[in-house]
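Note sheet for the following structure.
A, B, ... follow the sequence lines: proteins, then strands. Residue 1 opens every chain.
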2 protein chains.
Amino acid sequence: MKLSERKKKILQYVVDDYISTAQPVSSKSITEKYMQGISSATVRSELAGLEELGYLNQLHTSSGRVPSIEAYKLYVTELMDKGGLTRKEVGEIKKAFNVHADNLETVVQNAVKIISELTDYTSVGMAAHSKKEKIVKLDIFRYKPNQALLLIVTENTLIRDKFLDIPEAMTDEQVKEAGKLASSYFTGKELGEIIKLGKLVEEEFAGYREIFNSVMNAIEEYVEKDKVGVVLEGEGKILNHPEYNNDSEKVKNFLSVVTSKDKLADLLSEENDDIEINIKIGGEDADMPKDCSLVTASYSAGGVNIGTYGVIGPLRMDYQKVVSVLEGVGKILEDILTNKK
Amino acid sequence: MKLSERKKKILQYVVDDYISTAQPVSSKSITEKYMQGISSATVRSELAGLEELGYLNQLHTSSGRVPSIEAYKLYVTELMDKGGLTRKEVGEIKKAFNVHADNLETVVQNAVKIISELTDYTSVGMAAHSKKEKIVKLDIFRYKPNQALLLIVTENTLIRDKFLDIPEAMTDEQVKEAGKLASSYFTGKELGEIIKLGKLVEEEFAGYREIFNSVMNAIEEYVEKDKVGVVLEGEGKILNHPEYNNDSEKVKNFLSVVTSKDKLADLLSEENDDIEINIKIGGEDADMPKDCSLVTASYSAGGVNIGTYGVIGPLRMDYQKVVSVLEGVGKILEDILTNKK
DNA sequence: AATTGGCAATCAAACAAAAAGAGTGCTAAC
DNA sequence: GTTAGCACTCTTTTTGTTTGATTGCCAATT
């Protein structure tokens, strides 16, 4: 099962070539483009070997080879060259972040946009909700006889508006009081801390127990998965790639995932805590569109996770470029955020 | 230029048939399906007349007829049958609104979703921001040395988070004071009223003039066009329709409009004040995808406009169904909102 | 034992020609 | 005004042929 050096090289060439041309790769083209000293017959037997091992596929007997999912996996982990960004690209990224950012969501928007532009793939991002964030402001006030509006602002300026069901019998005064109590109780606390508190609340604020529990639920929901904060860009770019050009089933499938913020939030929040760059290939995940790859990166500033960004595209994705861009954006973003804060 | 009754009937049949089959309509099929007592030759001469008048087109000499944009226009205004909704559909709509609505955006989301489901087209909605809405709460507080966060809550529970640039020299106290002043000044006022006030502010609150102006800008922007409030559903459904199936250029075009909330907000806020159902056909508008139709409806409850909803799809859209659904959803939505309030 | 040149076999893609079919427009008759 | 009939047009489908790319295998070579 161990691959010879030459097999690896050849596999790399096949994947490289297939990524850039979208055409099955022939033994001849390999000898011409990459390995002049060797004959095509030799490459052919190597290719046969790689196919045997499950790294390559043939569409029909007399066609060139196409990489298998296994091949892509090996490619991203071992085979591909790590390319950096050009000066120009770095410049473009910096410029993209230079525009006046109105709020945190705008920053995410900018990041996602430049990623999509530089890679030419659909890109997606989500600001992280660190459990270390503190609540800066909390307010509750009556909206309808049986509903109150909950307002939470955290350090990172993310705001949550949510309705709470309240008993009609409550007077405006009581609602106000509940708000005051909740505010003095929650303000200044870290989100994670609050979640951990769990059921303690029941005893202390018996009168407003329901309300307190609703507030805690809202906070928990917000930290765990904030689908509202998912930003998407370039959803149509999938059509720039030939494998999606005449297959509207595939496109439909792709769009159904990509346009569901729920699903995207799920995908982006998977196990990204410690890993920096994360590549998920093929339709292993129920939420992933079949025949797609997802490359994600988690960014942090000052040791705190500040968000997850990613690119979704065809299996035949330019991983090298994508990884470079994600790393580049991450670095610049982190610089900006650490300096500004 | 006046159409005979029979010409109108025939034109209606052609459009009906084309809408349901997506195939050019032949004289023979008309006599078979719709006008048994008449011969195909007669229909042919009528069709030739309608073509003369610009209502029909032929793809080539020996093909059936296809409706022109003019034909669609006439169809929606005069020709088409007005069909209602089935009991089942009404039931589905009611069910869709029965789920617990967390906030106003959820209501919009539900409406858009059920519209998309029932029509099988991409649908879009935007809550209206009536100038009559009053500000219920307004708050300003410091976020960074040179930025403050502005928070506005209106009767309809829409909240806007927005950063204001402030001089670093301002003390926290001053920010607080500005907030208090702004709150007491703006709270209770109608949005329209505030916009009209315009520059009066300059004199009165000289010390915090900048801040007051920023607040007013934010309010104006919010009333004029709130792109954040645009909700979209079923963007992939365009692919269910054959004219988009093998034309990825068209799809790309469509997606580029539909995925831009800016453009959608523009489209939805055009001149919808007094008209109830508004049909825009073909690519007259720069913001409209070419070869698309947009059907919008403005809903109101208690005399106040509460939002605009619409369906975007191919020219060959099932207008009858779409109009029925939009009307049906509007009616039910209005009922719910007027009762609840 | 690995490599190579040569060659038949395979298969998709491109092309061409022919046949089938759908629909029209026109005309002469009703 | 309506209709049957028919020639004509143009697309679609079918069928067959050619071309070209590529492989796998084998025997010869290094």
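Here Lys33(B) pairs with Asp17(B) under the salt bridge (charged side-chain N to carboxylate O under 4.0 Å, His left out) rule; sequence neighbours left out.
Distance from the side chain of Ser39(A) is smallest for dT4(C) among the nucleotides dT4(C), dT24(C), dT23(D).
Residue Gln36(B) contributes atom CD, which lies 17 Å from atom C1' of dT3(D) at whole-angstrom precision. Note: NZ (Lys28(B)) to P (dG5(D)) measures 14 Å, nearest angstrom. A straight line from CG of Leu50(A) to C1' of dG24(D) spans 16 Å, rounded to a whole angstrom. Atom P of nucleotide dT23(D) and atom CD1 of Ile10(A) are separated by 12 Å, given to the nearest angstrom. Following rounding to the nearest Å, Arg65(B) (CZ) and dG25(C) (C1') show an atom-to-atom distance of 9 Å. Residue Asp17(A) contributes atom CG, which lies 15 Å from atom C1' of dA21(D) at whole-angstrom precision. What separates CD of Gln23(B) from P of dT11(D) is a distance of 15 Å, to the nearest Å. For the pair Leu47(B) CG and dT24(C) P, the computed distance is 7 Å after rounding to whole Å.
One finds a side-chain N or O of Ser27(B) lying less than 4.0 angstrom from the OP1 or OP2 phosphate oxygen of dT24(C). Contact annotation: Thr42(A) side-chain N/O to dA2(C) OP1/OP2 distance is not under 4.0 Å.
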Query raised in the report: What string of B, S and - do you get for nucleotides 7-16 of chain C, 5' to 3', if B is base contact, S is sugar-phosphate-only contact and - is no contact with any protein heavy atom under 4.0 Å?
Result: ---BBS----
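Considering every non-hydrogen atom in both Val295(A) and Tyr319(A), the closest pair reads CG2-CD2, 4.1 Å. In plain terms, the two heavy atoms of Tyr72(A) and Leu315(A) that are nearest each other are CE2-O, 3.7 Å. Residue Val251(A) comes nearest to Leu239(B) through the heavy atom pair CG1-CD1, 3.5 Å, listed as atom of the first residue, atom of the second, then distance.
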**Report entry** Derivation of the side chain to side chain contact (heavy atoms under 4.5 Å, CB included) call for Arg6(B) and Thr42(B)
**Finding:** CA-CA 11 Å; Arg6(B) 193 168 68 178; Thr42(B) 312; 3.6 Å; yes
Query raised in the report: Between Leu232(B) and Val112(B), is a side chain to side chain contact (heavy atoms under 4.5 Å, CB included) present by the stated rule, with each step listed?
Result: CA-CA 7 Å; Leu232(B) 189 66; Val112(B) 169; 5.9 Å; no
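For Glu51(A) and Arg65(A), the salt-bridge test passes: some basic side-chain N is under 4.0 Å from an acidic carboxylate O.
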Please list, pair by pair, any protein nitrogen or oxygen found under 3.5 Å from a nitrogen or oxygen in nucleotides 27-30 of chain D.
none

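To the nearest 0.5 angstrom, Glu46(A) atom CD is 13.0 Å from Ser40(A) atom OG. Rounded to the nearest 0.5 angstrom, Asn253(A) CG and Met288(A) CE are separated by 11.0 Å.
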